[in-house]
Amino acid sequence: LVMGLVGVPMYICATASTPIAASLLINGVSPGAVLVFMLVGPATNIGTLGIINKQLGRRALLSYLSGVVITAFVFAAIVDNFFMDLFALQTQNILQHTMPHSGFDYAASALFAALLMMVMIRKQASKFVQKSVS
């Protein structure tokens with residue numbers, strides 16, 4: 001229920017919700033709750049709901065919103081109550097073994113951050129030069 005309440009107004013795309021979902025799973029949130037977030041978040045955000053309301057009306061908006069939320073909750077219940085028990089999965093152990101951290105990870109992250117900073121500094125410097133020339 002909480003993931004449904006968080007996911008509905010959140011403006012998030014499917015690509016951005018994937019790392020958030022992985023983080024939630026690692027921290028112990030049930031796979032069904034994460035599935036609700038991943039289904040509801042990208043499908044229902046304030047922008048989408050506003051356009052549906054304006055173009056199709058309040059009745060279509062309520063139908064769309066209830067259909068997405070109910071479907072997400074049904075599939076979440078199936079995942080939590082059927083698949084997790086059927087395969088005896090423990091998501092926290094699975095994800096921790098598939099996401100190792102090494103020195104290379106930290107070095108690559110530091111390099112990426114340094115490159116981003118270099119681009120930002122160059123961009124600001126070029127703006128400064130253009131203003132001083134004008």
Side-chain angles (χ1 to χ4, degrees):
L1 184 61
V2 171
M3 289 281 109
L5 292 173
V6 168
V8 169
M10 184 177 273
Y11 191 80
I12 191 166
C13 66
T15 306
S17 68
T18 304
I20 295 171
S23 175
L24 291 169
L25 280 172
I26 289 171
N27 288 306
V29 176
S30 76
V34 173
L35 181 64
V36 168
F37 175 74
M38 289 190 72
L39 292 174
V40 171
T44 62
N45 56 58
I46 296 297
T48 303
L49 298 179
I51 290 172
I52 291 173
N53 188 33
K54 184 176 179 182
Q55 297 295 321
L56 303 174
R58 189 165 309 274
R59 185 174 175 192
L61 172 67
L62 293 175
S63 297
Y64 174 75
L65 188 58
S66 61
V68 169
V69 170
I70 290 169
T71 302
F73 282 128
V74 166
F75 280 103
I78 291 170
V79 165
D80 276 347
N81 296 318
F82 180 68
F83 287 112
M84 296 304 290
D85 292 337
L86 178 68
F87 298 112
L89 296 175
Q90 296 175 353
T91 55
Q92 193 164 5
N93 292 337
I94 293 169
L95 286 174
Q96 286 178 345
H97 291 296
T98 59
M99 300 175 74
H101 296 288
S102 66
F104 178 76
D105 294 339
Y106 296 117
S109 297
L111 177 65
F112 183 66
L115 290 172
L116 283 176
M117 291 299 294
M118 191 172 69
V119 168
M120 291 172 58
I121 290 169
R122 282 186 180 175
K123 194 175 212 180
Q124 291 299 323
S126 67
K127 284 183 182 179
F128 178 74
V129 169
Q130 286 177 354
K131 284 184 182 179
S132 64
V133 171
S134 311

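For reference, positions follow the sequence shown, starting with 1.
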- Item | Fellow cluster residues of Phe104, listed by chain then number, with links counted only when side-chain atoms sit under 4.5 Å apart | none

- Item | Nonpolar side-chain network containing Leu111, other nodes, edges under 4.5 Å | Leu115, Met118

If you round to the nearest 0.5 Å, how far is [atom2] of [Y] from [atom1] of [X]?
X	Y	atom1	atom2	value
Leu35	Leu25	CG	CG	10.0 Å
Ser66	Leu61	OG	CG	9.0 Å
Asn53	Gln55	CG	CD	10.0 Å
Ile70	Phe75	CD1	CZ	13.0 Å

List for me each residue that meets side chain to side chain contact (heavy atoms under 4.5 Å, CB included) alongside [X], sequence neighbours excluded, and say none if there are none.
X	value
Ala77	Asn81
Arg59	none
Thr48	Asn45, Ile52, Tyr64
Leu65	Val8, Thr44, Leu49, Val69

For [X] versus [Y], what's the shortest heavy-atom pair and its separation?
X	Y	result
Asp80	Ala33	OD2-N, 4.1 Å
Thr18	Met38	OG1-CE, 3.8 Å
Ala76	Val36	CB-CG2, 3.4 Å
Ala72	Leu39	CA-CD1, 3.9 Å
Pro42	Phe37	CD-O, 3.9 Å

- Task: Mark yes or no for whether Ser23, through its side chain, and Pro19, through its backbone, hold a donor-acceptor pair below 3.5 Å.
- Result: no

- Common cluster, Leu56/Val68, ILVMFWY with side-chain heavy-atom separation under 4.5 Å: yes

